[in-house]
Amino acid sequence: MVDFEIGGKRILEVGCGMALSSLLLNRRGGDITATDYHPETGAFLQINTGLNEDRDIPYFRADWDAGEISHGLFDLIIGSDLLYERSKVPSLARFIQDHALPRCEVLVVDPGRRQQGQFSKHMSHYGFSYRKEMPGASSHLEKPFSGSVLRFRRG
């Protein structure tokens, strides 16, 4: 997300956890909204934006199984390490569909949890094309990243 084109895009981070991507995109002036299921994530996000002397990041607690669509639609949806529970893959795809504009890009960084095939089938059902990419330079990491970036596009 350091140099990803974000101009004019409404961005949703799914399963933000510590919200590092949201914080970075917020610092870059992006229109970012963060989500997570953990009940304390929103409070930590507010503290972190304050510590970084940055503007507040809109946040909502997301339950992928709830089928909610009241938070609007997004041009870009991002997430990392979301495919850890096989039973949640259909709910995640539906959640993304419920928040994706007709023309939307979805980026999921996956460490290799073996749910990519199932997830891509569900995303295809919603009209997304799929491409798997290897991450860029990772020489700065102690151990090379062995996962992949899953890139979905529609429209």
Side-chain angles (χ1 to χ4, degrees), residues 1-38 41-42 45 57-155:
M1 294 290 101
V2 170
D3 56 7
F4 194 86
E5 178 56 46
I6 60 170
K9 294 178 183 173
R10 186 163 188 236
I11 308 164
L12 178 66
E13 183 176 13
V14 177
C16 69
M18 296 298 293
L20 295 178
S21 292
S22 290
L23 291 165
L24 173 69
L25 291 166
N26 193 42
R27 176 55 57 113
R28 290 185 57 209
D31 181 2
I32 181 72
T33 298
T35 71
D36 202 284
Y37 184 72
H38 194 281
T41 300
L45 179 60
I57 297 173
Y59 171 83
F60 65 94
R61 186 166 183 236
D63 180 351
W64 300 343
D65 293 322
E68 60 188 297
I69 57 170
S70 62
H71 299 284
L73 302 175
F74 296 84
D75 304 283
L76 174 63
I77 299 174
I78 63 172
S80 181
D81 199 11
L82 302 174
L83 306 176
Y84 49 86
E85 210 173 311
R86 184 174 182 83
S87 65
K88 294 292 185 184
V89 168
S91 300
L92 171 60
R94 186 175 48 254
F95 179 85
I96 289 171
Q97 164 63 17
D98 288 347
H99 292 87
L101 283 164
R103 182 181 176 120
C104 183
E105 184 172 12
V106 179
L107 299 175
V108 176
V109 177
D110 182 63
R113 293 201 182 259
R114 302 175 196 241
Q115 310 304 329
Q116 293 177 7
Q118 182 187 19
F119 184 63
S120 65
K121 283 180 190 174
H122 285 282
M123 293 297 286
S124 176
H125 172 75
Y126 295 120
F128 286 89
S129 62
Y130 164 69
R131 187 172 80 217
K132 181 177 176 178
E133 301 175 351
M134 299 314 291
S138 60
S139 59
H140 62 283
L141 300 174
E142 187 176 311
K143 295 180 182 177
F145 181 71
S146 60
S148 56
V149 177
L150 312 178
R151 186 180 291 253
F152 300 88
R153 288 181 193 254
R154 181 175 68 189

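The basis for the numbers below is simple: all heavy atoms, side chains too, and nothing from hydrogens, waters or symmetry mates.
- Put simply, the side chain of L76 does not reach to within 4.5 Å of the side chain of C104, judged on heavy atoms.
- The aromatic ring centres of F119 and F152 sit less than 6.0 Å apart.
- D98 meets the salt bridge (charged side-chain N to carboxylate O under 4.0 Å, His left out) test with no other residue; sequence neighbours excluded.
- Looking at W64 and K88, their side chains come closer than 4.5 Å, going by heavy atoms from C-beta outward.
- Scanning for side chain to side chain contact (heavy atoms under 4.5 Å, CB included) contacts around R103 gives an empty result, with sequence neighbours left out.
- Screening V109, L25, V106 for a side-chain contact (heavy atoms from CB on, under 4.5 Å) involving I78 leaves a single residue, L25.
- When each of M123, Q118, K121 is checked for a side-chain contact (heavy atoms from CB on, under 4.5 Å) with V89, only Q118 meets the rule.
- In this structure S22 satisfies the side chain to side chain donor-acceptor pair (under 3.5 Å) test together with E13, sequence neighbours excluded.
- For the atom pair CG of L45 and CG of L23, the computed distance is 6.0 Å after rounding to the nearest 0.5 Å.
- Pairs engaging residues 105-115 under the side-chain hydrogen bond (donor to acceptor under 3.5 Å, both in side chains) rule: D81-R113, R86-Q115, E105-R151, E105-R153, D110-Q116 [sequence neighbours left out].
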Trace of the side-chain contact (heavy atoms from CB on, under 4.5 Å) decision for V2 with L24 | CA-CA 7 Å; V2 170; L24 173 69; 3.8 Å; yes
Quick one: do T33 and I11 satisfy side-chain contact (heavy atoms from CB on, under 4.5 Å)? Show the steps, please.
-> CA-CA 6 Å; T33 298; I11 308 164; over 6 Å; no
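- Here Y37 pairs with R61, D63 under the side chain to side chain contact (heavy atoms under 4.5 Å, CB included) rule; sequence neighbours left out.
- With sequence neighbours excluded, no residue satisfies ring pair (Phe, Tyr, Trp, His ring centres under 6.0 Å) with H122.
- Atoms CG and OG, on L107 and S21 in that order, are 10.0 Å from each other to the nearest 0.5 Å.
- Partners of F74 under the ring pair (Phe, Tyr, Trp, His ring centres under 6.0 Å) rule, at least two apart in sequence or in another chain, do not exist in this structure.
- Pairs engaging residues 14-38 under the salt bridge (Lys or Arg N to Asp or Glu O under 4.0 Å) rule: R27-D54 [sequence neighbours left out].
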Could you go step by step and tell me if V14 and L82 meet the side-chain contact (heavy atoms from CB on, under 4.5 Å) rule?
-> CA-CA 8 Å; V14 177; L82 302 174; 4.2 Å; yes
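- Rounding to the nearest 0.5 Å places CG of L20 at 13.0 Å from CE of M1.
- Considering only residues two or more places apart in sequence or on other chains, R154 meets the side chain to side chain donor-acceptor pair (under 3.5 Å) condition with Q97.
- Across all their heavy atoms, C16 and T41 have their closest contact at SG-CG2, 3.6 Å.
- Annotation: side chain to side chain contact (heavy atoms under 4.5 Å, CB included) contacts of H125 (sequence neighbours excluded): none.
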Take L150 and L83, measure what side-chain contact (heavy atoms from CB on, under 4.5 Å) needs, and give me the verdict at the end.
-> CA-CA 11 Å; L150 312 178; L83 306 176; 3.8 Å; yes
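- Qualifying side chain to side chain contact (heavy atoms under 4.5 Å, CB included) partners for L73, counting only residues two or more places apart in sequence or in other chains: L101.
- Using cut-offs of 30° and 60° for the angle between ring planes, the F60 and H99 rings count as parallel.
- Scored by the salt bridge (charged side-chain N to carboxylate O under 4.0 Å, His left out) test, K9 finds no partners at all (sequence neighbours excluded).
- Atoms CD and OG, on E85 and S91 in that order, are 9.5 Å from each other to the nearest 0.5 Å.
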